[in-house]
Amino acid sequence: MKFFLDTANLDAIRRAVELGMCDGVTTNPTLIAQEMKKHDHLISEIAKIVKGPISVEGDTDTCDGIVKEAKIFKTWAPNVVVKVPMTHEGLKAVRILEKEGIHTNVTLIFSPSQALLAAKAGASYVSPFVGRLDDVSEDGMQLVRDILQIYRNYGFKTQVIVASIRNPNHVVEAAKAGADIATVPADVFAKMWNHPLTDKGLDLFLEDWKKVPKPAPKGGKGKGK
Ligand code: G3P
(Lines give C-alpha, C1' and ligand atoms only; values in the text may rest on other atoms or scores of the structure.)
Protein backbone atom coordinates (compact mmCIF):
# COMPACT_ATOMS: atom_id res chain seq x y z
CA MET A 1 0.00 0.00 0.00
CA LYS A 2 1.27 3.45 -0.82
CA PHE A 3 1.05 6.37 1.60
CA PHE A 4 0.47 9.82 0.21
CA LEU A 5 0.45 12.85 2.47
CA ASP A 6 -2.71 14.96 2.24
CA THR A 7 -1.06 18.29 2.96
CA ALA A 8 0.83 21.17 1.37
CA ASN A 9 2.90 21.76 4.51
CA LEU A 10 6.59 21.47 3.63
CA ASP A 11 7.75 20.56 7.17
CA ALA A 12 5.19 17.77 7.47
CA ILE A 13 6.17 16.45 4.04
CA ARG A 14 9.90 16.58 4.91
CA ARG A 15 9.29 14.59 8.13
CA ALA A 16 7.40 11.84 6.28
CA VAL A 17 9.99 11.73 3.47
CA GLU A 18 12.80 11.32 6.06
CA LEU A 19 10.94 8.29 7.41
CA GLY A 20 10.66 6.87 3.90
CA MET A 21 6.87 6.93 4.24
CA CYS A 22 5.84 9.48 1.65
CA ASP A 23 5.08 7.93 -1.74
CA GLY A 24 3.30 11.04 -2.98
CA VAL A 25 1.32 14.12 -1.98
CA THR A 26 -2.24 15.31 -2.57
CA THR A 27 -3.28 18.94 -2.26
CA ASN A 28 -6.54 20.81 -2.60
CA PRO A 29 -7.52 24.51 -2.47
CA THR A 30 -8.15 24.32 1.30
CA LEU A 31 -4.72 22.83 2.02
CA ILE A 32 -2.97 25.33 -0.29
CA ALA A 33 -4.79 28.28 1.33
CA GLN A 34 -3.53 27.19 4.78
CA GLU A 35 0.11 27.68 3.71
CA MET A 36 -0.21 31.34 2.61
CA LYS A 37 2.25 30.86 -0.29
CA LYS A 38 1.88 31.20 -4.05
CA HIS A 39 0.44 28.02 -5.55
CA ASP A 40 3.13 27.49 -8.21
CA HIS A 41 5.98 28.21 -5.78
CA LEU A 42 4.59 25.81 -3.18
CA ILE A 43 4.09 22.94 -5.64
CA SER A 44 7.63 23.42 -7.02
CA GLU A 45 8.99 23.32 -3.45
CA ILE A 46 7.05 20.11 -2.72
CA ALA A 47 8.39 18.60 -5.94
CA LYS A 48 11.97 19.22 -4.76
CA ILE A 49 11.28 16.91 -1.79
CA VAL A 50 8.84 14.35 -3.22
CA LYS A 51 9.66 12.13 -6.18
CA GLY A 52 6.20 10.48 -6.35
CA PRO A 53 2.99 11.95 -7.78
CA ILE A 54 1.79 15.34 -6.51
CA SER A 55 -1.92 15.99 -7.06
CA VAL A 56 -2.71 19.60 -7.89
CA GLU A 57 -6.20 21.08 -8.11
CA GLY A 58 -7.28 24.10 -10.15
CA ASP A 59 -10.09 26.62 -9.99
CA THR A 60 -11.90 26.11 -13.28
CA ASP A 61 -14.79 23.77 -14.06
CA THR A 62 -15.04 23.77 -17.87
CA CYS A 63 -13.29 21.13 -19.96
CA ASP A 64 -11.22 23.72 -21.84
CA GLY A 65 -10.32 25.51 -18.62
CA ILE A 66 -9.26 22.30 -16.87
CA VAL A 67 -7.10 21.22 -19.84
CA LYS A 68 -5.47 24.66 -20.11
CA GLU A 69 -4.77 24.81 -16.40
CA ALA A 70 -3.42 21.24 -16.37
CA LYS A 71 -0.79 22.18 -18.95
CA ILE A 72 0.32 25.09 -16.78
CA PHE A 73 0.54 22.81 -13.70
CA LYS A 74 2.76 20.40 -15.65
CA THR A 75 5.31 23.20 -16.15
CA TRP A 76 5.64 23.50 -12.34
CA ALA A 77 6.94 19.94 -11.88
CA PRO A 78 7.05 16.81 -14.05
CA ASN A 79 5.43 14.62 -11.36
CA VAL A 80 2.27 16.75 -11.13
CA VAL A 81 -1.02 14.83 -11.38
CA VAL A 82 -4.02 16.98 -12.21
CA LYS A 83 -7.02 16.78 -9.91
CA VAL A 84 -10.22 16.93 -11.93
CA PRO A 85 -13.69 17.32 -10.41
CA MET A 86 -16.17 14.47 -10.91
CA THR A 87 -18.40 16.29 -13.39
CA HIS A 88 -19.42 15.91 -17.04
CA GLU A 89 -16.87 18.58 -18.04
CA GLY A 90 -14.30 16.99 -15.78
CA LEU A 91 -14.62 13.58 -17.41
CA LYS A 92 -14.24 15.14 -20.87
CA ALA A 93 -11.02 16.76 -19.66
CA VAL A 94 -9.79 13.45 -18.21
CA ARG A 95 -10.07 11.74 -21.58
CA ILE A 96 -8.15 14.54 -23.33
CA LEU A 97 -5.43 14.85 -20.69
CA GLU A 98 -4.79 11.11 -20.33
CA LYS A 99 -4.50 10.80 -24.14
CA GLU A 100 -1.83 13.51 -23.97
CA GLY A 101 0.02 11.62 -21.24
CA ILE A 102 -1.04 13.91 -18.38
CA HIS A 103 -2.17 11.83 -15.40
CA THR A 104 -5.43 12.74 -13.70
CA ASN A 105 -6.95 12.17 -10.27
CA VAL A 106 -10.74 12.43 -10.34
CA THR A 107 -11.72 14.00 -7.06
CA LEU A 108 -14.92 14.36 -5.02
CA ILE A 109 -16.01 10.77 -5.66
CA PHE A 110 -19.00 9.83 -3.50
CA SER A 111 -20.59 6.90 -5.37
CA PRO A 112 -19.50 3.70 -7.16
CA SER A 113 -21.14 4.87 -10.41
CA GLN A 114 -18.95 8.00 -10.39
CA ALA A 115 -15.86 5.84 -9.91
CA LEU A 116 -16.93 3.56 -12.76
CA LEU A 117 -17.32 6.53 -15.12
CA ALA A 118 -13.95 7.97 -14.08
CA ALA A 119 -12.24 4.64 -14.81
CA LYS A 120 -13.96 4.37 -18.21
CA ALA A 121 -12.78 7.91 -18.99
CA GLY A 122 -9.24 6.62 -18.39
CA ALA A 123 -8.39 8.36 -15.11
CA SER A 124 -5.11 7.28 -13.52
CA TYR A 125 -6.54 7.78 -10.00
CA VAL A 126 -9.88 8.28 -8.25
CA SER A 127 -10.33 9.82 -4.83
CA PRO A 128 -13.32 8.56 -2.84
CA PHE A 129 -13.90 10.83 0.20
CA VAL A 130 -14.56 8.43 3.09
CA GLY A 131 -14.61 10.92 5.99
CA ARG A 132 -17.14 13.23 4.36
CA LEU A 133 -19.45 10.26 3.71
CA ASP A 134 -19.11 9.10 7.32
CA ASP A 135 -19.93 12.68 8.38
CA VAL A 136 -23.36 12.37 6.76
CA SER A 137 -23.99 8.92 8.28
CA GLU A 138 -23.04 6.98 5.15
CA ASP A 139 -20.42 4.23 5.04
CA GLY A 140 -17.32 5.73 3.40
CA MET A 141 -15.31 2.52 3.52
CA GLN A 142 -18.10 0.54 1.84
CA LEU A 143 -17.71 2.90 -1.12
CA VAL A 144 -14.00 2.01 -1.28
CA ARG A 145 -14.79 -1.72 -1.18
CA ASP A 146 -17.41 -1.33 -3.94
CA ILE A 147 -15.02 0.59 -6.20
CA LEU A 148 -12.25 -1.96 -5.70
CA GLN A 149 -14.62 -4.80 -6.55
CA ILE A 150 -15.80 -3.07 -9.74
CA TYR A 151 -12.24 -2.29 -10.84
CA ARG A 152 -11.12 -5.87 -10.18
CA ASN A 153 -14.13 -7.31 -12.07
CA TYR A 154 -13.09 -5.52 -15.23
CA GLY A 155 -9.35 -5.10 -14.79
CA PHE A 156 -9.46 -1.28 -14.70
CA LYS A 157 -5.97 0.15 -14.13
CA THR A 158 -7.28 3.23 -12.28
CA GLN A 159 -5.77 3.39 -8.78
CA VAL A 160 -7.91 4.11 -5.74
CA ILE A 161 -6.68 6.87 -3.43
CA VAL A 162 -8.65 6.72 -0.19
CA ALA A 163 -9.13 10.40 0.70
CA SER A 164 -10.78 12.47 3.42
CA ILE A 165 -9.14 10.25 6.02
CA ARG A 166 -9.93 11.28 9.59
CA ASN A 167 -8.21 8.68 11.80
CA PRO A 168 -5.72 5.77 11.74
CA ASN A 169 -8.57 3.28 11.56
CA HIS A 170 -9.54 4.68 8.16
CA VAL A 171 -6.02 3.82 6.94
CA VAL A 172 -6.21 0.31 8.39
CA GLU A 173 -9.65 -0.31 6.87
CA ALA A 174 -8.40 1.01 3.52
CA ALA A 175 -5.46 -1.42 3.71
CA LYS A 176 -7.76 -4.32 4.63
CA ALA A 177 -9.95 -3.50 1.64
CA GLY A 178 -6.85 -3.56 -0.60
CA ALA A 179 -6.90 0.10 -1.65
CA ASP A 180 -3.87 1.13 -3.70
CA ILE A 181 -3.19 4.33 -1.79
CA ALA A 182 -4.26 6.16 1.39
CA THR A 183 -3.72 9.90 1.42
CA VAL A 184 -3.16 10.72 5.05
CA PRO A 185 -3.33 14.14 6.76
CA ALA A 186 -0.19 14.94 8.79
CA ASP A 187 -1.99 14.79 12.16
CA VAL A 188 -3.47 11.36 11.39
CA PHE A 189 -0.08 10.13 10.20
CA ALA A 190 1.46 11.10 13.56
CA LYS A 191 -1.30 9.21 15.39
CA MET A 192 -0.56 6.02 13.45
CA TRP A 193 2.48 5.09 15.51
CA ASN A 194 1.20 6.24 18.91
CA HIS A 195 -0.18 3.76 21.42
CA PRO A 196 -0.41 4.39 25.19
CA LEU A 197 0.64 0.80 25.93
CA THR A 198 3.82 1.30 23.85
CA ASP A 199 4.71 4.40 25.93
CA LYS A 200 3.83 2.66 29.20
CA GLY A 201 5.79 -0.46 28.23
CA LEU A 202 8.84 1.59 27.24
CA ASP A 203 8.77 3.55 30.55
CA LEU A 204 8.59 0.26 32.47
CA PHE A 205 11.49 -1.27 30.58
CA LEU A 206 13.62 1.86 31.10
CA GLU A 207 12.88 1.73 34.86
CA ASP A 208 13.81 -1.96 34.96
CA TRP A 209 17.10 -1.29 33.17
CA LYS A 210 18.08 0.88 36.16
CA LYS A 211 17.83 -2.20 38.43
CA VAL A 212 20.25 -4.26 36.32
CA PRO A 213 23.86 -4.23 37.68
CA LYS A 214 26.14 -2.29 35.40
CA PRO A 215 29.07 -4.12 33.76
CA ALA A 216 32.49 -3.35 35.25
CA PRO A 217 34.30 -0.51 33.43
CA LYS A 218 37.21 -1.84 31.34
CA GLY A 219 40.21 -2.52 33.60
CA GLY A 220 38.27 -1.66 36.83
CA LYS A 221 36.10 -3.47 39.39
CA GLY A 222 32.38 -3.57 38.75
CA LYS A 223 29.58 -3.54 41.32
CA GLY A 224 28.11 -6.68 39.79
CA LYS A 225 27.24 -9.61 42.04
O1 G3P B 1 -7.88 16.18 -0.52
C2 G3P B 1 -9.14 15.61 -0.46
C3 G3P B 1 -9.56 15.15 0.90
O4 G3P B 1 -8.58 14.35 1.47
C5 G3P B 1 -10.13 16.20 1.78
O6 G3P B 1 -10.35 15.76 3.08
O7 G3P B 1 -10.83 16.20 5.46
O8 G3P B 1 -11.35 17.97 3.75
O9 G3P B 1 -12.73 15.89 3.91
P10 G3P B 1 -11.37 16.50 4.09
Side-chain angles (χ1 to χ4, degrees), residues 1-13 15-16 21-37 39 42-43 45-47 49-50 52-61 66 69-70 73 76-77 79-87 90-91 93-94 103-112 114-115 118 123-145 147-148 158-175 177 179-192:
M1 186 193 211
K2 287 183 180 156
F3 282 172
F4 287 4
L5 227 59
D6 197 25
T7 184
N9 184 274
L10 291 170
D11 290 335
I13 294 168
R15 280 196 295 275
M21 298 275 179
C22 181
D23 301 307
V25 163
T26 52
T27 65
N28 64 33
T30 310
L31 296 171
I32 295 293
Q34 283 166 5
E35 301 306 311
M36 306 294 286
K37 288 179 183 150
H39 196 188
L42 193 50
I43 298 299
E45 287 300 303
I46 294 172
I49 314 170
V50 176
I54 302 167
S55 285
V56 178
E57 195 161 340
D59 62 3
T60 52
D61 56 7
I66 294 167
E69 230 179 10
F73 295 159
W76 297 352
N79 47 341
V80 158
V81 167
V82 180
K83 261 186 158 179
V84 177
M86 178 56 230
T87 58
L91 291 186
V94 166
H103 294 308
T104 58
N105 170 3
V106 178
T107 188
L108 293 163
I109 296 270
F110 291 100
S111 76
Q114 291 179 323
S124 296
Y125 305 92
V126 286
S127 292
F129 279 30
V130 294
R132 292 193 197 182
L133 278 170
D134 288 357
D135 289 347
V136 294
S137 304
E138 288 194 37
D139 187 348
M141 212 46 75
Q142 188 53 46
L143 170 62
V144 171
R145 287 189 281 269
I147 296 171
L148 288 168
T158 306
Q159 294 188 56
V160 177
I161 305 179
V162 178
S164 186
I165 280 179
R166 300 281 158 78
N167 55 58
N169 215 29
H170 274 150
V171 183
V172 172
E173 289 303 317
D180 304 278
I181 301 149
T183 188
V184 188
D187 62 320
V188 175
F189 188 58
K191 285 180 196 157
M192 284 180 70

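Numbers here simply count residues along the sequence, with the first being 1. Both counts, for ligands and for their atoms, begin at 1 and track the order of listing.
- For ligand 1, residues of the protein lying within 4.0 angstrom by heavy-atom distance are Asp6, Asn28, Lys83, Phe129, Arg132, Ala163, Ser164, Arg166.
- A donor-acceptor distance shorter than 3.5 angstrom exists from the side chain of Gln114 to the backbone of Phe110, with no hydrogens or angles considered.
- A side-chain donor-acceptor contact under 3.5 Å links Thr27 to the backbone of Ser55.
- Applying the ring-ring contact (aromatic ring centres under 6.0 Å, His included) criterion to Phe189, with sequence neighbours excluded, gives Trp193.
- The environment of His103 atom NE2 is sparse: at most 12 non-hydrogen atoms of other residues, nucleotides or ligands sit within 6.0 angstrom.
- The one candidate from Thr183, Val171, Ile181, Val144 that meets the side-chain contact (heavy atoms from CB on, under 4.5 Å) condition with Val162 is Val144.
- The line from CD1 of Ile165 to CZ of Phe129 is 11.0 Å long, rounded to the nearest 0.5 Å.
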